[in-house]
Protein chains: 2
Amino acid sequence: MESSQGTKALILDVALDRFAEHGYSGTTLNEIADKVGIRRPSLLHHFPSKEALYRAVLLDAFADWFALVDEAVAGPQKRGWPQVERVLRAAFLFFEEHPEFVRLARWEALEGGPMLSAELGTMLQPLFERGTEFLEREMDAGRLRRYDARQLLLTGYGAVLSYLSDAPLITSLLGADPLGPAMLAKRRDHVVDVLRNALEP
Amino acid sequence: MESSQGTKALILDVALDRFAEHGYSGTTLNEIADKVGIRRPSLLHHFPSKEALYRAVLLDAFADWFALVDEAVAGPQKRGWPQVERVLRAAFLFFEEHPEFVRLARWEALEGGPMLSAELGTMLQPLFERGTEFLEREMDAGRLRRYDARQLLLTGYGAVLSYLSDAPLITSLLGADPLGPAMLAKRRDHVVDVLRNALEP
DNA sequence: GGTAGCCTACCTACCAGTAGGTAGAGAGCG
DNA sequence: CGCTCTCTACCTACTGGTAGGTAGGCTACC
């Protein structure tokens, strides 16, 4: 019971870390089991298969993300750019604090594994639609410059997540740790800045 | 000789396709050999190891990319936004025509394999620096709105490449093929649009 | 209270399958 | 002939997953 819960949670923790680091096919169960401190069969006692473990990790991670979005949207509703900035900053902060989530999502987006097309797609779609509708409403009201709302969401997605997921590459380009506090703050302000100038009417 | 050259080129071709599709660890030599139409040992006659093959593929792909950049920059130099748009559109077109390159680069950026930090990093850095210098010059001259030039380059990188590399995810969000001609044109114009509004003084 | 039965968590030993890579022989050709 | 290319046959290492067993805690019944 107690040790079970602890172990299971620990496995999920370690697995998130490894899958985020090396992707699904780049991670082995032995690797995870070793880090947890048990043998592979013991790991498979808690999760019936590698894929089941991966699913659990993915669903867990996205549950956190959905929770954040709900919370961010539930807050004091503003209009036009201020609301966009509010959500943008909340998302950025979440990603900063969950770098494993970002990389996990990126792997998933690249691989387009079975999880994605099936469950994740249908989980993300409503979110995407909600964002689209908000942007279109604000554009119609003239509070934001007009763009294709879906394209705009994808632009934000790319601008924010690429930086955080591609840290290895960006490190070698910038010659500095892109995930350090100073650089993160710089990045956050930059993206906000660019989008504000592009969006404010 | 002839068949050797042909086979070697064919191997590189197929390997690019597979590595772009499933990444390094998700691709097997058998998979490549099968598609080429030879046995794995025959493949290993042309490239001493999987890693060597991967290196060759990566270097080949980036050689194409560097060639394009040189060409794009060599053209009739303009100033301010028009030059940015020119290069941006050239890059976008190149990526559209080389979707395998985009995904390969993305995978590399994520994995941050040994290739990246060592060779690719040092290959991309001068390019990055050149872009930075151009942007800073134009900003100093007041022909572009002021931003952190490096951050701006990374934003462009993310906005363009995410869309093209994450096609599987975006398909399920958009409910349409993001790599179809119509969608590509839409994306191209959107990114140009956003950046113009953000950059023109 | 002791003890029999069951359950959870973990182990070692093993399975079949597949990964990348090697050895060596045969074919075709200059 | 020698050289290049390809093959079959093989190797070792390791993959995800299974079989079977053990230690220890909880519950129930005498």
Side-chain angles (χ1 to χ4, degrees), chain A residues 1-60 104 107-108 110-111 113-116 118, chain B residues 1-60 104 107-108 110-111 113-116 118:
Chain A
M1 301 274 144
E2 178 203 35
S3 108
S4 164
Q5 277 296 343
T7 303
K8 199 158 184 172
L10 185 56
I11 291 173
L12 282 169
D13 224 55
V14 171
L16 169 60
D17 184 72
R18 302 327 287 160
F19 284 135
E21 191 75 17
H22 299 124
Y24 181 79
S25 54
T27 303
T28 72
L29 292 184
N30 272 323
E31 196 182 336
I32 298 171
D34 281 359
K35 271 222 166 191
V36 172
I38 59 177
R39 303 292 128 223
R40 179 168 26 88
S42 311
L43 190 158
L44 287 166
H45 167 74
H46 296 276
F47 298 90
S49 70
K50 182 184 182 181
E51 209 194 298
L53 172 57
Y54 181 68
R55 276 172 111 79
V57 166
L58 215 57
L59 290 177
D60 247 41
L104 195 69
W107 281 110
E108 229 350 76
L110 249 183
E111 279 247 283
M115 261 313 270
L116 181 95
Chain B
M1 340 216 131
E2 178 204 34
S3 105
S4 163
Q5 277 297 344
T7 302
K8 198 158 183 171
L10 185 58
I11 291 173
L12 282 170
D13 225 54
V14 171
L16 169 60
D17 184 71
R18 302 327 288 159
F19 283 135
E21 190 75 16
H22 299 124
Y24 182 80
S25 55
T27 303
T28 72
L29 292 184
N30 272 323
E31 196 182 337
I32 298 171
D34 281 358
K35 273 221 165 194
V36 171
I38 58 178
R39 304 290 132 225
R40 180 166 28 89
S42 311
L43 190 158
L44 286 166
H45 168 74
H46 296 278
F47 298 90
S49 71
K50 182 184 182 181
E51 209 194 297
L53 172 58
Y54 181 68
R55 275 173 110 81
V57 166
L58 215 57
L59 289 177
D60 247 42
L104 194 69
W107 237 298
E108 231 346 78
L110 249 183
E111 279 246 281
M115 260 311 272
L116 181 94

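For clarity, every value in this text was computed on a predicted model and none was experimentally measured. The analysis underlying the following values was restricted to heavy atoms, covering all of them including side chains, and did not include hydrogens, waters or symmetry mates.
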Considering only side-chain heavy atoms of [X], which listed nucleotide, [options], is closest?
X: B/K50; options: C/dA13, D/dT8, C/dG21; result: C/dG21
X: B/P41; options: D/dT6, C/dC11, D/dA9; result: D/dA9
X: A/H46; options: D/dA9, D/dA19, C/dC10; result: C/dC10

Rounded off to whole Å, could you give me the [atom1]-to-[atom2] distance for the [X] and [N] pair?
X: B/H45; N: C/dG21; atom1: NE2; atom2: P; answer: 16 Å
X: B/R39; N: C/dG21; atom1: CZ; atom2: P; answer: 18 Å
X: A/R40; N: C/dC14; atom1: CZ; atom2: P; answer: 14 Å
X: B/L10; N: D/dT6; atom1: CG; atom2: C1'; answer: 15 Å
X: B/L44; N: C/dA19; atom1: CG; atom2: C1'; answer: 12 Å
X: B/F47; N: D/dT6; atom1: CZ; atom2: P; answer: 12 Å
X: A/E51; N: D/dT15; atom1: CD; atom2: P; answer: 18 Å

Nucleic acid contacts of residues 12-38 of chain A, taken as heavy-atom distances under 4.0 Å to DNA chain C: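 Residues of residues 12-38 of chain A that come under 4.0 Å of DNA chain C are, in numerical order, A/I38.
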A/H22 NE2 to A/W107 CH2 distance, which is reported to the nearest 0.5 Å: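 With rounding to 0.5 Å, NE2 (A/H22) is 8.0 Å from CH2 (A/W107).
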Inter-residue atom distance A/L44.CG - A/L29.CG, 0.5 Å rounding: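 So the CG of A/L44 and the CG of A/L29 are separated by 5.5 Å.
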Tabulate atom names and distances for all N/O pairs under 3.5 angstrom spanning the protein and nucleotides 22-24 of chain D.
none

Do any N or O atoms of the protein come closer than 3.5 Å to N or O atoms of nucleotides 25-28 of chain C, and which pairs are they?
none

For the student: nearest non-hydrogen atoms of [X] and [Y], plus distance:
X: A/A20; Y: A/L104; result: N-CD1, 4.0 Å
X: A/F47; Y: A/A56; result: CE2-CB, 3.9 Å
X: A/S25; Y: B/S25; result: OG-OG, 3.6 Å

Under 4.0 angstrom between B/S49 side-chain N/O and C/dG20 OP1 or OP2: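 So the side-chain polar atoms of B/S49 never come under 4.0 Å of the phosphate oxygens OP1 or OP2 of C/dG20.
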Any residue meeting ring pair (Phe, Tyr, Trp, His ring centres under 6.0 Å) with B/Y24, in chain and number order, not counting sequence neighbours: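 Ring pair (Phe, Tyr, Trp, His ring centres under 6.0 Å) check on B/Y24 returns B/F19, B/Y54.
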Candidate pair A/L16 and A/L58, rule side-chain contact (heavy atoms from CB on, under 4.5 Å), full reasoning: CA-CA 8 Å; A/L16 169 60; A/L58 215 57; over 6 Å; no
Residues that A/S49 engages under side-chain contact (heavy atoms from CB on, under 4.5 Å), provided they are two or more places apart: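 side-chain contact (heavy atoms from CB on, under 4.5 Å) check on A/S49 returns A/E51, A/A52.
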Donor-acceptor pairs are to be reported for all side-chain atoms of residues 32-40 of chain A against protein atoms at under 3.5 Å, with residues two or more places apart or in another chain.
residue: A/R40; atom: NE; partner: A/N30; partner atom: OD1; Å: 3.1

Qualifying salt bridge (Lys or Arg N to Asp or Glu O under 4.0 Å) pairs, either residue in residues 15-33 of chain A, two or more places apart: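 Every pair satisfying salt bridge (Lys or Arg N to Asp or Glu O under 4.0 Å) with a residue in residues 15-33 of chain A: A/R18-A/E31.
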Check against side-chain contact (heavy atoms from CB on, under 4.5 Å), B/T7 and B/L43: CA-CA 9 Å; B/T7 302; B/L43 190 158; over 6 Å; no
